[in-house]
Amino acid sequence: MQSGNTKYVWELLKTVPDPEIPVISVVELGVIHDVVFSNNNYLITITPTYSGCPAVKTFMDDIKTCLTENDINNFELKIVYSPAWTTEWMTDATKEKLRKYGIAPPSNIVICPQCKSENTTLISEFGSTACKSFFKCDECLEPFEFFKCI
Ligand SMILES: [Zn+2]
């Protein structure tokens, strides 16, 4: 191959789900920083969401599997910490997917994903993962997870 098809690699990456929130892809989550082709090699830079987030290793393995299954073997995954990932990299469409999945998207105001009430109470700083905290809605009484803002 003379020149790389980074667009194709991006398309493949869009099919790799976030291991914790399967309705959104790693691209939608915003952890794929860049895809560059040089010296016949794809360099994929990844910005982890939260340092020490156990999901990082999982999705890196998932990315490797996805690429090799699609006959792309000349790639390297590189973790970069700067610029640091922030929830601001999430698009509105991604936030809407989170809401439909039942997770309150990152926002200054915690809004119940079920009834959209702002009348919510923090139950625990940590939900199923360190990236989320646990809330209860005081209107519909449903517990839900909130994707923390960083
Ligand atoms: Zn509610």
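Whatever order the structure lists them in is the order used to number ligands and atoms, beginning at 1.
- Protein atoms of type N/O/S that fall under 2.8 Å from the Zn ion (ligand 1) number 4 in this view.
- The side-chain hydrogen bond (donor to acceptor under 3.5 Å, both in side chains) test applied to E142 returns no partner, not counting sequence neighbours.
- Proximity of W89 to T47: side-chain heavy atoms (C-beta onward) are separated by under 4.5 Å at one or more points.
- Here the closest non-hydrogen pair linking F144 and A104 is CE1-CB, 3.6 Å.
- In this pair, F146 and F135 present their aromatic rings perpendicular. The plane angle is above 60°, beyond the 30 to 60° band.
- Using a 4.0 Å cut-off between charged nitrogen and carboxylate oxygen, E20 and K132 count as a salt-bridge pair.
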Worksheet item: Step by step, would you call T121 with D138 a side chain to side chain donor-acceptor pair (under 3.5 Å)?
Response: CA-CA 7 Å; T121 308; D138 295 322; 2.6 Å; yes
